[in-house]
Amino acid sequence: MTGQERSEEKSECVSLSPMMEAVPAPPESERVCVFGTGDLGRSLGLRLLQAGYGVVFGSRRPHSRSSLLPHGAQVLGHAAAAQSAHLIFIAVQREHYDFLVPLANQLKGKVLVDLSNNLRKNQYPEANAEYLQSLVPGAEVVKGFNTLSAWSLQNGPSDANRQVYICGESVEAKQAVIAVATKLGFSALDQGFLSVARELEDFPLQLFPQWRLPLRISIGLSAAFFFYLLIRYVIYAYVTQGEDISFRIMVSLANQVCPIVSLIMLSLCYLPGVLASFLQLYRGTKYRRFPNWLDRWMLCRKQLGLLSLGFAFLHVLYTLIIPIRYYVRFKATERTVSVIRENRTTEFDTTTAWRGDSYLSLGILGFGLYVLLGITSLPSVSNALSWREFSFIQSKLGHLTLLFCTAHTYLYGWNRFLSSSTYKWYTPPGYMLCLVLPSVVLLLKLLLITPCVDRTITRIRQGWERGADQRNPKDSQPLIP
Ligand code: NAP
């Protein structure tokens with residue numbers, strides 16, 4: 001350090017701890033520097049202090065920033081701050097990175113952690129981290145921590161935000177960043193070289209990428225069944241009987257659409273697994289790639305399942321409010337009054353009681369398992385389960401949920417499947433249509449668990465290949481293109 005720089009540091013240094021002079025400064029390995037005293041810089045600084053690091057902020061205006069910064073941190077000018085630590089977090093917007101160019105000498109050999117994000121994808125020709133590396137070629141740039149928000153840093157690593165992704169050219173530099181991340185309570189995932197930086201910068205800009213297809217499916221199904229049921233019930237009643245039952249749109253129709261969409265989406269969650277098993281059986285090997293559409297479908301099963309749970313939950317809520325509906329109370333009173341007036345007696349029908357109770361019981365069991373599936377798909381819960389436990393719940397109990405919910409719907413239909421009055425304008429009711437897919441999935445699953453098929457599929461999954469001895473190795477399609 002030159003004499004001029006030393007005096008610059010002395011004049012610019014602002015200690016935020018009244019005890020700072022008495023407390024010996026931590027060694028350089030335990031000291032980190034944060035350039036930028038904005039939202040992210042301050043939150044990161046606070047967490048670093050809480051983890052036991054000495055924190056030195058680099059700022060354009062160290063004197064005016066001191067009151068904003070966490071207690072115990074130091075704030076210096078950029079040049080002096082850069083010399084106080086080996087690892088420097090750059091919590092400054094990319095547009096201002098040119099302030100680093102005159103600091104090239106002080107930054108030589110230092111690890112610069114690029115935290116920056118962009119407002120939109122492809123905003124700049126190169127990744128921010130690559131741009132930073134080009135401005136300061138003597139430093140080791142590591143991209144990382146950019147997927148965290150200032151808010152989540154202040155709150156500590158929660159279950160949903162435990163991972164930080166990093167990438168960079170230098171293994172030592174990445175190890176230094178991983179050590180800090182680990183001490184802060186995060187698990188750092190090394191994604192490779194700096195060329196991956198753009199991907200990491202695009203990550204926070206993603207808008208529910210894995211939810212898009214399931215959301216589209218659920219919206220499409222809801223809209224299609226809503227209009228189908230509107231025609232079959234409300235418009236049919238108006239056209240054929242001149243009756244206005246449009247008020248039923250709000251609860252009755254919604255309470256039909258929700259279970260229908262829920263059951264179809266639950267079947268769509270289990271159908272790709274069944275199709276994949278049949279494909280492996282047909283090919284006689286697991287060493288060939290599934291078609292892209294099947295891969296994509298399998299990757300969004302969790303989202304399909306969670307959305308289907310959401311619709312099931314709405315169905316439960318709509319069902320629970322049935323007794324307090326004006327229409328239901330009016331009809332019940334009217335029926336009771338007419339029975340009394342006409343002095344009629346009604347026989348207790350045990351079959352109907354059995355049917356009603358079984359229908360409700362299967363619905364409750366199905367929903368209970370549904371909730372269990374939803375809970376075990378949460379990362380904090382699934383991380384605590386062994387692979388066998390997870391697959392038992394998601395596969396075995398998942399198919400059982402589908403069975404219960406399908407049986408619940410069959411019991412709802414009961415003898416109406418054979419009654420011609422059910423088929424208004426020659427169309428089947430919604431619940432009959434929604435039974436097609438789950439019935440197919442359950443039948444196919446039944447085939448797969450028959451002992452001879454199950455044995456073959458288990459062998460295939462353990463690596464056995466049909467006709468492997470005779471086949472030319474060049475014939476098999478590689479898994480990685
Ligand atoms: P911010 O609140 O605007 O703070 C940026 C800081 O940069 C300022 O406080 C300032 O500190 C410094 N600065 C501003 N203009 C400068 C210039 N011309 N030259 C040198 N330094 C300058 O921004 P932020 O929200 O903390 O974000 C900082 C970086 O982290 C951004 O690249 C952002 O994309 C990224 N990031 C932010 C979050 C978040 O939740 N906020 C999350 C992930 C990533 P001084 O006045 O002390 O010099």
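Note that the structure is a prediction, hence the values are computed from the model and not measured. One-based numbering, in listed order, for ligands and for the atoms of each.
- Under a 4.0 Å criterion applied to the non-hydrogen atoms of R65, ligand 1 contributes the atoms 45 (P), 46 (O), 47 (O).
- The proximity of R60 to ligand 1, defined as any non-hydrogen pair under 4.0 Å, involves the side chain as well as the backbone.
- Listed by chain and residue number, E30, Y53 satisfy the side-chain contact (heavy atoms from CB on, under 4.5 Å) test with K183 (two or more places apart in sequence, or in another chain).
- Per-residue contacts place L148 under 4.0 angstrom from the following atoms of ligand 1 (heavy atoms of the residue considered): 42 (C), 43 (C).
- Near S149, with a cut-off below 4.0 Å to any heavy atom, the atoms of ligand 1 are 40 (O), 42 (C).
- Under the side-chain contact (heavy atoms from CB on, under 4.5 Å) criterion, A276 pairs with F290, L294, M298, sequence neighbours left out.
- Among all protein heavy atoms, the one lying closest to atom 3 (O) of ligand 1 is Q93 NE2, 3.5 Å.
- Checked against a 3.5 angstrom limit, the closest N/O atoms of D39 and ligand 1 fall inside it.
- Against a heavy-atom cut-off of under 4.0 Å, S59 is close to the following atoms of ligand 1: 45 (P), 47 (O), 48 (O).
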> Taking it one step at a time, do D114 and F145 satisfy side-chain contact (heavy atoms from CB on, under 4.5 Å)?
Replying inline: CA-CA 8 Å; D114 175 58; F145 285 84; over 6 Å; no
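- Listed by atom number, the atoms of ligand 1 under 4.0 Å from L115 heavy atoms are 30 (O), 35 (C), 36 (N), 44 (C).
- Looking at H96, R94, E95 and measuring to atom 18 (N) of ligand 1, the nearest heavy atom belongs to H96.
- Contact atoms of ligand 1 toward G36: 11 (O) (distance under 4.0 Å to a heavy atom of the residue).
- For the residues P62, A91, G41, G77, the heavy atom positioned nearest atom 6 (C) of ligand 1 is part of A91.
- Atom numbering of ligand 1 starts at 1 in the shown order; those under 4.0 Å from a heavy atom of S116 are 32 (O), 34 (O), 35 (C).
- Note: no N/O pair closer than 3.5 Å links G58 and ligand 1 by distance alone.
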